[in-house]
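Order of the sequence lines fixes the chain letters, A, B, ..., with proteins taken first and strands second; residue numbering starts at 1 for each chain. Please read all numbers here as calculations on a predicted model, not as lab measurements.
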There are 2 protein chains.
Amino acid sequence: MATRTARRTGALSKERIVEAAIGILDTDGEGALTFRALSARLATGSGAIYWHIADKQALVAAATDHIIAGVMAGLATPRAPQDAIRAVALGVFDALDAHPWMGALLSSDPWQRAVLRILENVGRQVQALGVPDDALFNATTALMNAILGIAAQHAAAARLPRDTERSAHLTAMAGEWAELDPAEYPFVRQLAAHVPGHDDREQFLAGINLVLTGIESIRERSPR
Amino acid sequence: MATRTARRTGALSKERIVEAAIGILDTDGEGALTFRALSARLATGSGAIYWHIADKQALVAAATDHIIAGVMAGLATPRAPQDAIRAVALGVFDALDAHPWMGALLSSDPWQRAVLRILENVGRQVQALGVPDDALFNATTALMNAILGIAAQHAAAARLPRDTERSAHLTAMAGEWAELDPAEYPFVRQLAAHVPGHDDREQFLAGINLVLTGIESIRERSPR
DNA sequence: ACCTGAACACCGTTCAAGT
DNA sequence: ACCTGAACACCGTTCAAGT
């Protein structure tokens, strides 16, 4: 009887759990992901989830990995390594835009699976760029810092609950910045004035390009 | 009667609370900082703290700011902007080594006070470097990413409870890395082989220098 | 083997009541 | 104005019991 496993449109599985978690995170934010909410959505007991996943951290890590794996698989692979690196970076940027809750994990756990996926992809391209072995680690880390730095910014934005509260928080922050002692914080105040008008994505790409320029100049310095 | 305010070696204050919090965080890690533990250490009621500080996030932010402010104040200011930038970066690095729990906040809240302090300091030096206005923001952000990237790494390390558990976790992680499919993760595996032997601080400084090189090459490209 | 859901051991935060 | 500490409204996780 094949109906046995189909009792509830298929039994619980790690994949089903991860997909449900992503649904909650995307719709209601990271604060809404609790084992109670998750088990309600899956029409199961709250303890059942632990049969398939170790704990909450593993759950969020699996959700993040699920999305990053999809991004990496869907990437076009351009001829030039520089373009490939930009493609990876923008892929992560756009994924963060759609799933800002990933920022918290990506920027706080440097050795988890999703980060290793990005690292592998970036590292290979840096290698293809002809960067000498002794600079390979530094160059790749600098690019990862640029990518994960934007993850941190999305994480910060994701922590603000809802749109209304979000804009309230933003204006409160802008007010706080304006009140910074001009004698003590001239640079930050000058920078803050430029923030409202700028395009995040373009800004991010410019940061990646700056690091690429730096890597290039190292390569020129020690040819072969 | 002057004895009135001295009832309990001085009344509660934000500063006393922050210092007690730092004590707990340094000794027992971020997991140990609870309002119950904190109020016990201060010999007060758990609700009393809320009279002086808004909530837990504000408490950790104040603790981080307290330490970073001290670091920035104690900095020697070298002649060359590059040296000044390196001094700021290493100051933050060493503070993170002594107080790894700061990593979580520094790497996750880009607009909090402690981060603004670092940003102000770095930004001024980048300006002194003669970087043109249109590249100023990018150059400073790239340096901040390098500094806050190391904060994230310290945060990850700080989350591991005690030394015994820590080394167990590290070997478990090394084992996990070794088991990564060699066909899928050649770069990560190659990099992992180099990790055990390397000096964190030196590595960090090399990353800062790479970004400085990149900034230099931008400056050369568009003089004045 | 897989699932249930009550129970456990915590949290941060609030607030009526005190001084 | 400042402090007390019980109470509230949650959490993640465990585990005896079921199928």
What do the steps show when you test Gln127(A) against Phe187(B) for side-chain contact (heavy atoms from CB on, under 4.5 Å), and what is the final call?
CA-CA 9 Å; Gln127(A) 221 160 7; Phe187(B) 181 83; 3.6 Å; yes
Side-chain donor-acceptor pair under 3.5 Å between Gln203(A) and Asn138(B), yes or no?
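The answer is yes; a qualifying pair exists.
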Indicate yes or no: at least one non-hydrogen side-chain atom of Asp109(B) is less than 4.5 angstrom from one of Val115(B).
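When only atoms from C-beta onward are counted, Val115(B) and Asp109(B) do not touch, as no gap falls below 4.5 Å.
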Exercise: identify the closest heavy-atom pair between Ala95(B) and Ile67(B):
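Looking at all heavy atoms of both residues, the shortest contact is CB-CG2, 4.3 Å.
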Check whether more than 12 heavy atoms from other residues, nucleotides or ligands sit under 6.0 Å from atom CD of Glu19(B), and answer yes or no.
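Yes, enclosed.
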What is the distance, to the nearest angstrom, from the [atom1] atom on [X] to the [atom2] atom on [N]?
X: Ile17(A); N: dC3(C); atom1: CD1; atom2: C1'; answer: 11 Å
X: Leu33(B); N: dT13(C); atom1: CG; atom2: P; answer: 11 Å
X: Leu12(B); N: dG5(D); atom1: CG; atom2: P; answer: 13 Å
X: Leu42(A); N: dC3(C); atom1: CG; atom2: P; answer: 10 Å
X: Arg36(A); N: dG12(D); atom1: CZ; atom2: P; answer: 7 Å
X: Leu38(B); N: dC11(C); atom1: CG; atom2: P; answer: 13 Å

Positions of residues 48-56 of chain B (non-hydrogen atom under 4.0 Å from DNA chain D), listed by number
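Per residue number, the list reads Ala48(B), Trp51(B), His52(B).
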Stem segments of DNA chain D by first residue number [Watson-Crick or G-U, under 3.5 Å, at least 3]:
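Runs of three or more consecutive pairs: C:4-8 with D:12-16, C:12-16 with D:4-8.
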Ionic contact status for Asp94(A) with Arg201(A), cut-off 4.0 Å:
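Salt bridge flag = yes for Asp94(A) with Arg201(A).
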Could you work out which one of dG12(C), dG12(D), dA6(D) sits closest to the side chain of Thr34(A)?
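The listed nucleotide nearest to Thr34(A)'s side chain is dG12(D).
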Determine the sole option in Thr141(A), Leu212(A), Leu143(A) for which the side chain to side chain contact (heavy atoms under 4.5 Å, CB included) test with Val126(A) is passed.
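Of the listed residues Thr141(A), Leu212(A), Leu143(A), the side chain to side chain contact (heavy atoms under 4.5 Å, CB included) partner of Val126(A) is Leu143(A).
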Relative to the ring of Phe35(A), is the ring of Tyr50(A) parallel (under 30°), tilted (30 to 60°) or perpendicular (over 60°)?
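The arrangement is parallel - the two ring planes meet at less than 30°.
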